Student: 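Please read through the structure below; I'll follow up with questions.
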Amino acid sequence: METEPNDRATVRVIATPKTWIESEAVAQLERTAALPGMRLAVGLPDLHAGKGHPIGAAFLSQGVIHPRLVGNDIGCGMGLWVTDLPARKLKLDAWTKRLGDLDGPWDGDREAWLADHGAAPCPFDSALGTIGGGNHFAELQAVERVDDAAALAALGLDRKALVLLVHSGSRGLGESILQDYLDGDAAGLPEDGPAAADYLRRHDAALHWAEANRALIAHRFLGPLRAAGTRVLDVNHNTLTRHDGPGAPGWLHRKGATPATEGPVVIPGSRGDMSYLVEPVNAGPDSAWSLAHGAGRKWTRRDARGKLGKTRARDLTRTALGSRVICEDRALMFEEAPQAYKAVDSVVGALEAAGLVRVIAVLRPVITYKTRRGAP
DNA sequence: ATGTGC
């Protein structure tokens with residue numbers, strides 16, 4: 001699907017007839033493509049409607065930047081760790097109990113952790129090492145299927161070892177940065193002005209903080225399991241980066257869009273679905289150098305609560321794939337139910353059909369930690 | 001998404 005709503009930006013949606021995409025999401029994509037300076041707008045197969053602007057999309061602009069397109073969770077992304085826990089030693093009940101409380105402040109030396117991970121202290125450091133809400137999680141996974149054994153080995157992964165996937169971001173920091181640019185930026189910030197430089201500097205700091213955050217979440221998750229982990233990859237999907245390669249030079253805004261330019265990435269399904277470890281191929285303007293960042297919502301949070309009225313929160317703690325979900329916030333449990341998300345194979349399938357990924361391996365969820373806090 | 005909005 002390709003249109004040019006304002007004779008300026010090219011708009012594309014990467015999907016097959018089987019991909020679930022709401023018309024409102026496409027309408028948001030087209031409206032966003034009409035913003036000043038916009039040259040290219042690409043909806044990935046996980047495209048869904050957001051608050052004004054769609055999620056699962058990448059936008060290339062020239063001359064101006066649009067901080068609101070990156071959203072409040074600047075630096076949100078996926079980190080993957082390989083652990084020394086053999087899959088055959090998995091003890092679902094015991095481990096689910098043994099996992100500590102990741103919601104409270106970490107009792108370690110935050111400043112040292114940040115320094116060791118190339119990040120600077122900020123006013124939101126009490127949240128360092130916490131997962132946050134929404135679709136964020138930390139999930140232990142087993143290797144379900146291997147399609148490319150050589151690529152798996154090259155990443156340092158072993159099919160017999162469990163892995164840990166962490167999805168989180170910059171917590172209150174990104175939000176506080178965005179707030180400073182929401183007033184009067186409808187036209188975007190001129191790329192050579194002081195506001196853009198200021199935003200980009202703070203944006204980069206949030207990226208580093210988010211990366212350090214994911215590393216601490218992994219550390220806190222694995223500690224009680226007496227396991228060690230080695231980071232395999234860590235990729236942000238809410239970013240603004242300068243793009244100077246072939247295709248139009250400009251500013252690439254990613255909102256729930258994973259870079260196709262930084263090596264292998266994980267495209268997670270819902271908490272009751274598989275995740276895909278994939279190798280990006282053919283990165284270019286057709287995909288805005290990006291991939292889907294997950295399955296993408298099928299139902300709004302509000303609809304999910306309504307449609308799952310007969311389901312009990314308790315039933316959602318065990319998934320069809322046999323995994324456990326730790327989520328003691330009842331409302332969040334319904335909002336994040338697997339049924340509320342697109343089937344991940346339809347999303348990855350659309351990327352494969354478009355010639356944008358090669359599957360390395362499929363990962364099966366084992367234990368997902370979302371929160372041990374929240375409304376009963 | 002958010003040390004979350006009234």
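In what follows, chains are A, B, ... by sequence order, proteins preceding strands, each numbered from 1. It should be emphasised that the depicted structure is a prediction, and the values quoted were computed from it without experimental measurement.
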Student: Under the ring pair (Phe, Tyr, Trp, His ring centres under 6.0 Å) test, which residues partner Y181(A), sequence neighbours left out?
Tutor: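 Checked Y181(A) against ring pair (Phe, Tyr, Trp, His ring centres under 6.0 Å); matches are Y199(A).
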Student: Residues sharing L332(A)'s hydrophobic cluster, by side-chain heavy-atom contacts under 4.5 Å among ILVMFWY, directly or via others?
Tutor: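 Answer for L332(A): none, a lone residue.
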Student: Can you list everything that forms a salt bridge (charged side-chain N to carboxylate O under 4.0 Å, His left out) with E335(A)? Sequence neighbours excluded, please.
Tutor: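 In terms of salt bridge (charged side-chain N to carboxylate O under 4.0 Å, His left out), with neighbours along the sequence ignored, E335(A) is linked to R301(A), R305(A).
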Student: Excluding sequence neighbours, so at least two apart, what forms salt bridge (charged side-chain N to carboxylate O under 4.0 Å, His left out) with R145(A)?
Tutor: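 Counting only residues at least two positions away or on another chain, R145(A) forms a salt bridge (charged side-chain N to carboxylate O under 4.0 Å, His left out) with D147(A).
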Student: May I ask you to say what G71(A) touches in the nucleic acid, namely base, sugar-phosphate or nothing, with a heavy-atom cut-off under 4.0 Å?
Tutor: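 Nothing, no nucleic acid heavy atom in range.
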Student: Pick base, sugar-phosphate or nothing for G169(A), based on heavy-atom distances below 4.0 Å to the nucleic acid.
Tutor: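 Answer is nothing: G169(A) stays at 4.0 Å or more from every strand.
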Student: Using nucleotides 4-6 of chain B, report all nitrogen or oxygen pairs with the protein that are shorter than 3.5 Å.
Tutor:
none

Student: Would you kindly give the CZ-to-C1' distance between R301(A) and dT2(B), to the nearest whole Å?
Tutor: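 For the pair R301(A) CZ and dT2(B) C1', the rounded distance is 12 Å.
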Student: Taking ring pair (Phe, Tyr, Trp, His ring centres under 6.0 Å) as the cut-off, I'd like each qualifying pair that reaches into residues 258-285 of chain A, sequence neighbours left out, listed once.
Tutor: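 Pairs touching residues 258-285 of chain A that pass the test: none.
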Student: Could you tell me whether the side chains of T371(A) and D329(A) share a donor-acceptor contact shorter than 3.5 Å?
Tutor: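 Their side chains do not contain a donor-acceptor pair, so the 3.5 Å distance test is not met.
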Student: Please report the distance, rounded to the nearest Å, between OH in Y181(A) and C1' in dT2(B).
Tutor: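 Roughly 18 Å, once rounded to whole Å.
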Student: Please report, rounded to the nearest Å, how far the P atom of dT2(B) is from the CG atom of D103(A).
Tutor: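 Checked: the CG to P distance equals 12 Å.
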